[in-house]
Structure formats: structure tokens, C-alpha cells
Enquirer: 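Just passing along the structure, written as C-alpha cells.
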There are 4 protein chains.
Amino acid sequence: MGRRYDPDRRERIIDAAIRIAGDQGIAGLSHRSVAAEADVPLGSTTYHFATLDELLIAALRKVSDDPQSAGTGWATALAGPGGGLAERLTALLGGLVAEDRSRVRLEYELYLAALRREALRPVAAEWLDAFVEVVRAHVGGDAATARALVALIDGLLIQLLLTGRAFDPDEVREGLLRIIGGRDVPGAGAPGVSG
Amino acid sequence: MGRRYDPDRRERIIDAAIRIAGDQGIAGLSHRSVAAEADVPLGSTTYHFATLDELLIAALRKVSDDPQSAGTGWATALAGPGGGLAERLTALLGGLVAEDRSRVRLEYELYLAALRREALRPVAAEWLDAFVEVVRAHVGGDAATARALVALIDGLLIQLLLTGRAFDPDEVREGLLRIIGGRDVPGAGAPGVSG
Amino acid sequence: MGRRYDPDRRERIIDAAIRIAGDQGIAGLSHRSVAAEADVPLGSTTYHFATLDELLIAALRKVSDDPQSAGTGWATALAGPGGGLAERLTALLGGLVAEDRSRVRLEYELYLAALRREALRPVAAEWLDAFVEVVRAHVGGDAATARALVALIDGLLIQLLLTGRAFDPDEVREGLLRIIGGRDVPGAGAPGVSG
Amino acid sequence: MGRRYDPDRRERIIDAAIRIAGDQGIAGLSHRSVAAEADVPLGSTTYHFATLDELLIAALRKVSDDPQSAGTGWATALAGPGGGLAERLTALLGGLVAEDRSRVRLEYELYLAALRREALRPVAAEWLDAFVEVVRAHVGGDAATARALVALIDGLLIQLLLTGRAFDPDEVREGLLRIIGGRDVPGAGAPGVSG
DNA sequence: AATGAATGAGCATTCATTCAT
DNA sequence: TATGAATGAATGCTCATTCAT
């Protein structure tokens, strides 16, 4: 009965929202679904987050700050040794397509929602920018090339997820290589070179 | 009471659905919103389309058959004279972004929504494939290059829609050129003239 | 397109209604469900049967006239050789409970519907009376005993179907025997003795 | 706006459901009909009872806890003085059939509806078992006889409700007597006096 | 005689949010 | 501070029946 003392409740609600958005999509988010997933009374979700948008934004930001997610997660993966940038991006993409896709789905879910909902646009832009920044460090600080790479990757991922085509590493690598040209900066990954 | 014979009813409902999807997004579709927009009784929408998905798909297919849309529209635009493929694609993209963005938004909304909703996947795949086919005709039938071009374009458009950045024709053209390399086939696709 | 010449259509609709009532219950009957099951246009069902009740009654009457059903079906089964009346009734009940229960279900479905719907009461009464008549022939024309037997059987069937209890032939036979007493008329089964 | 605090709301909804089920039958229950009968907003019924089945079951259980109903009511009635068990049961049945039949109808509606609807089966089985237990106390604990008596009574009541026949006390008493045989236990169940 | 189209009423449910406590 | 109760609006969908052809 009585309210239990539960200082992490806010965080637990956010985590539940992330889980739901990943599993069922943003459309599956509701005060009720989150309350159930977080095992928290309904009123608690509206108490901590006045509106659903507020909760959704908090959830998305938490994901993008998470070391596993777009920004930092990719940074780690790309920093690893082995092959040129195209090779490492290809490996990364292959992994994303093969393993549990819920994180990828969540990312595109966010893009989708942001297309129509003003309030989410900044968060989506942050995700994109974070990813561009990571890539930029590997191409000698060339922002245009980084943006093109990210665009190509997003477009390829969408194609892979939408059509049934199998992931073809050679084709992917070849496309990335054309964009990269000779701009690959082998040792990069730390606070990159700005240009 | 109301008019009982109305042979274009079905078409009018589809058109209303297209308008709503364009204006408010796919999420704005409901039997009620469509009925209101089409000025038709609620029961009429469920009579002609057993489920909302059925209506949505009919609407999306009608959009893709529209001469304005991806397949046909792009074919015409790319066939026109003036510059190489990269140049023409850049102009096309510039146009899309400049004018009313609702059609572009609808396209990406479909792609992203299809990631989650099985039923939309075939239509989305059709849109993608149609676009790839059009582009392929201009790169000497090289499917891999066509797919990469479409991916790059999709990614760039998503970036434009989500971030506030302005459309930069030079940057876009440069990206496209890198993918195209020397594969541009001047006379392809239609009686186009290259420069 | 055009209307096929289909003189059995009316009958096919009734049969479809019987199938649906047996499988999904009377509540599952609708012009639509019947039309689909009979593979007939929706308008056809309302053309042949002005209201749903009309169709339902036609269906129930057809079942009760069917040699397989309550009246005649039981007559045949009870007429067979082997043991006294209690024994044969017990075997019959065991069979009903064990095999496909849809016919039993349909019978009780009818009782249920008739409890509240005036129009169905005569049909339900006919079923009951037909059954009583059959049994009566086996107890020397004693109507009261026949009614009690039918009542006991209905009550036992309901208990068996509702609770998970296993069918206990000895218990059932014993109950029937108490009602029958010495009234069993071995050779009966044909146009019985009236009294 | 409307009254916002109303602690008996839940109970009032259940009572409304009972009234509707009694008057119009189980099929007459809908969130709307209950809300109207209880003079409560529609959302209130779904707030307190997530599904209609939940509400229906709550209502049926409340009926069976009611001192008027099968379990308790019959226990009291059978405990009273006057005649043997058959006599008292006959009187009881006569009373049930003579007075407002809506409660009897509701009982058999539940039994028959439960044949189809899994969710109702437990409640129906409870009703049946409670009745059997009451009767069992009067036949020296003989469960088989109690079950047969209840079955006979159920079958007879169904016949009475469905056919137009008048209640014939002699016939009913005779049937009950045959099942009971000499098992009547005068002083059983409660401080009843047999004659 | 037959049927596709149409429609208004109804259904169970879900929901974001508000509010009294 | 926290939350159970409450509610009005909306959702997708089903339906019996009517009607124009």
C-alpha cells in the first residue's frame, strides 16, 4: 500500500520507456504501458513526466547518452584496430543487421517520429550530429565527407531492413570506399582533427 | 437520407487518406479522420476498406502510381537535358527540398514505418525498387551503384528533413559524383541529352 | 460477376448457418459470417432471409429434422439392441460427451438463446418434445417418466460439460435406473405405445 | 464537472450489471448499457473492470453470494420444516417458477453460456457445486444422489422455462422421490424437522 | 430475382490527462 | 510527495438493415 521510498523510480520509468520503444515502437508508449513495464502505479508516470512527450524525450536522450548507443558506441567500435575505415564501418553494419535489431529499430523509430513531431526534432538531430562527429574524426575532419558517409550508411541500413536482400559486405565496402576516397585517417578515433 | 449512389466514393476516400497522410502523417490516419476529410459517413470507410492498413496501402500505392512520385516522376526528371547524372539528381533533390516537403516526408515516413509494420513493407520495398531501377538505367545498368546512389540520396534527404541545415548543392553533387565515378551513361533511360 | 444460377443457394445458406452456430455459437451468426461461410454475396443472405432470426430459426429447424439430430437420431440409437434402456441411454450419453461435441453444444446453444428470445422458444420446445417422445416409447408411454428422464439427462450433460468431472457410467446408469424403475419396455423403439 | 469522488462507484456498477443481466440477459450487457443503468460515465465501467468478462464475473459472483441465491438461499429453504426432502424441493421449485423468473433464467443462462465461454466456466461450476453441496447434506452425504437430484432439477426447470407447460407438483415430487429413494435424512443440513 | 453499396448505431477498449485526497 | 480514481474523447471495427440498380 503505502508509498515505498523509491529514489530510482524516475530512472526506472525512463528505462521502461526505452524498453517499450525498442520492443514495440514509439507508438507502443503510453502512460499505462510504461507504468506496467516499470511496475509502478499509473499516477507515478504522470507525476514524474507531465506529458508523454516529456517522457519520450527523456528516454531518447538517455539512449543517446548511453555508451552503447549511436554516438559513443560507434566511436568505440570505429576506434578498434583492423583494416581501414571502410572495412570497420562494413563490419559494424554487418553486426547491426545481424544481431538484435532493436537498437537500430529504435534509432529509426526516432527518425520517423521526429519527421512529424517538432519536439523530437532536436533529439534526432543530436543523434545524427553525434554520429557525424564520430565519423568525421576518421576522415581528417572533413565534415562533408562524414555527412555523406552517415547518409550512405543510413540509406543502406534502410534498404537492408526493408527489402529482404542479404547483407553484401563487398558491395557495402565498395560504396563506402568511393565516398571516403583517400581521406581515411588510420590512427584516428580520439579527439579528432578539426578542419 | 444522404446520397446513396456515389460511384467515386472509393476513390474519394483514398484521396482523402493521401491528403491526411501528407499533412498529418501516417499516424494521423483514422477511419474517422478520413471519413471527415472525404465528407463521407464513417461506415463508408470501413465498408470499402476492411482495415486501416488496407486503406493506407491503397493510398500509398496510388501515390506511387502518381506521375509526380518517385518512380515515374524521377524517370521523367532524370531524362531531361542538362548536365550529368549528378547534376540532374542534385537539381531534383534541391527542388524536392525547396517545394512543399510533404511528399518527401511521406516517403520517408513510409520507409521508417514499414520497418515496424509488416504490412507496409511490400509497398515500401516497391517504392525503393522503383527508384533504384530508374537510377540504374543511368549508370549503365550497374545495380550496386544504383543502390548506393539511392541510399546516399535517402540518407541525405533524411538529414535535411531532420536537422535544420540548408541544402548545399555543391556538397550533394560532390557526394553523388564520388559514387557515380565514371559510370554516368549520358543517353540512358530516356531520350535525355547529357552535357 | 453476373448472378450464377444457383437453385440450392437458400439451402447452402442454411447449412452455413448451422456450421457457424455449431462452431462459434449462435452469437457468431451474422449476415456477414454466414455469407462468407456459404461463399455467397452478403445481399444474398438478406434476400433469402429478411432477418437474422428468420435464418436462425430455419437453421435450427433443419437441424431438428435432420436424422442425425436430437429426435430421430436418438430414436435410432435407442432402438438398437443391447441391454436395457438405462444401459443404452448411458452409452448414448458417453458417446455424446466423448465425440465431437458441436452437436451437443448447438443444442444447448439453442436452449440458451430460447431462454431470452421469444421467437426461438417454439423451436426449442419442439426439440425437447421430440426427445421426450422418443424416450416415452421406451417406458410404456409414460410421459411423466419420459420427461423426468430427459430432464435428468440434460442436467447430467450440463454438469459434465461445465465441470471437469469425468463421465462415470455407473453413476449415470444408476440415476437413470432409479427414474425408470421397472418401466423399461424392451422391444420398443418403433411407433410406441401411447398412454 | 461530474462528481469526482464516489467510493461506492464500483459496487453500483456491479449492481447495474446484475439488473441488466436479469432483465435482458447476459447478452444485454455492454459497457454502455451498464454505464447508463448505473448512471456513470462510460469510462468508469472500463476503469473498474478492464474487460466485460471481468464485470460479468464480478456480477455473477455477487449474485451467488446473495442470500437469495442458489447456495445460501436454498440451504435456508431446505432447512425449513415441513415434509420430506422431495416435498420441500418441490415447494421450492414451485416458488421459483411462480415468482419473478428472472433469477432462474439468469442461472440457466449462466450455465448454458458457460458451455461456450471459458471465462464463465469457473463461476458456473461454483454455482453448481454449491447447490450440490446443499442437497448432499440432506441425503446423508451421498454425492452421487445429490448430483442426480441437482441434474433432475436443472433439467426440469429448463423444460419449464422453455416449454409452456404448467408446473405439476405431483409429477415433480414423484421424480425427485425416485432419485432420493430412502436416502432422505430428516434432521440434516440445519435444524429442520421432517414430517 | 438478386446484389453491391451504403449507413447509422453500436461495440470493447485505450488513452492522456485531471483531480481529490 | 505521490497516487488511485475518474472521465471525455477517441480508436478500429462489426453489424442489421435499407436501398438503388
Side-chain angles (χ1 to χ4, degrees), chain A residues 1-7 9-10 27-35 40-55, chain B residues 1-10 13 27-36 40-55, chain C residues 1-7 9-10 27-35 40-55, chain D residues 1-10 13 27 29-35 40-55:
Chain A
M1 289 260 153
R3 81 209 84 162
R4 336 170 218 162
Y5 176 62
D6 185 356
R9 173 153 300 188
R10 201 188 137 93
L29 269 194
S30 76
H31 285 123
R32 278 156 191 74
S33 62
V34 173
V40 141
L42 171 59
S44 198
T45 62
T46 57
Y47 174 71
H48 288 286
F49 304 91
T51 69
L52 253 198
D53 265 20
E54 207 173 286
L55 169 55
Chain B
M1 307 253 150
R3 88 209 83 165
R4 300 285 309 205
Y5 190 63
D6 182 355
D8 297 331
R9 176 68 56 97
R10 200 187 140 93
I13 292 174
L29 270 195
S30 77
H31 285 124
R32 278 158 186 77
S33 64
V34 172
V40 142
L42 173 58
S44 199
T45 63
T46 59
Y47 170 72
H48 287 285
F49 303 92
T51 68
L52 252 199
D53 268 11
E54 208 175 283
L55 169 54
Chain C
M1 289 257 153
R3 80 208 87 163
R4 338 170 217 161
Y5 176 62
D6 185 355
R9 175 152 297 189
R10 201 188 137 91
L29 269 195
S30 76
H31 285 123
R32 277 156 191 74
S33 62
V34 172
V40 142
L42 171 60
S44 197
T45 62
T46 57
Y47 174 71
H48 288 286
F49 303 90
T51 69
L52 254 197
D53 265 20
E54 208 173 287
L55 168 56
Chain D
M1 312 253 148
R3 90 210 81 167
R4 300 285 307 208
Y5 190 63
D6 182 355
D8 297 331
R9 176 69 54 99
R10 200 186 141 92
I13 292 174
L29 270 195
S30 78
H31 284 124
R32 276 157 187 77
S33 63
V34 172
V40 142
L42 173 59
S44 198
T45 62
T46 59
Y47 171 71
H48 288 285
F49 303 91
T51 68
L52 253 199
D53 268 11
E54 209 174 282
L55 169 55

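By convention in this document, chain letters (A, B, ...) are assigned in the order of the sequence lines, proteins followed by strands, and residues within each chain are numbered from 1. As the structure is a computational prediction, the values presented were derived from the model and not from experiment.
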Enquirer: Let me see the working for B:R10 and B:F49 under side-chain contact (heavy atoms from CB on, under 4.5 Å), right down to the final yes or no.
Expert: CA-CA 9 Å; B:R10 200 187 140 93; B:F49 303 92; 3.5 Å; yes

Enquirer: Starting from C1' on F:dT17, measure out to CD on C:E54 and report it in whole angstrom.
Expert: 13 Å

Enquirer: Only pairs at least two apart or in different chains count here, so list each side-chain hydrogen bond (donor to acceptor under 3.5 Å, both in side chains) that has a residue in residues 45-54 of chain C.
Expert: C:D53-C:R117

Enquirer: Just N and O in the side chain of D:R9: are any of them under 4.0 Å from OP1 or OP2 of F:dG4?
Expert: no

Enquirer: Check B:V40 against B:S44 and note the closest heavy-atom contact, atom names and distance.
Expert: CG1-CB, 3.1 Å

Enquirer: In dot-bracket form, 5' to 3', how is DNA chain E paired? Count Watson-Crick and G-U wobble pairs only if both distances fall under 3.5 Å, and write | where the partner sits on another strand.
Expert: .||||||||||||||||||||

Enquirer: Would you say a side-chain N or O of B:H48 is under 4.0 Å from OP1 or OP2 of E:dA5?
Expert: no

Enquirer: More 5' along DNA chain E: A:T45 or C:S44, using each one's nearest nucleotide?
Expert: C:S44

Enquirer: I need the minimum non-hydrogen distance between A:S33 and A:G28, along with the two atoms involved.
Expert: OG-O, 2.9 Å

Enquirer: What distance do B:H31 atom NE2 and B:L52 atom CG have between them, rounded to the nearest 0.5 Å?
Expert: 4.0 Å

Enquirer: Can you give one letter per nucleotide of nucleotides 10-16 of chain F, going 5' to 3': B for a protein heavy atom under 4.0 Å from the base, S for sugar-phosphate only, - for none?
Expert: -BBBBBB

Enquirer: Are the side chains of C:P41 and C:R9 in touch, meaning some heavy atoms are under 4.5 Å apart?
Expert: yes

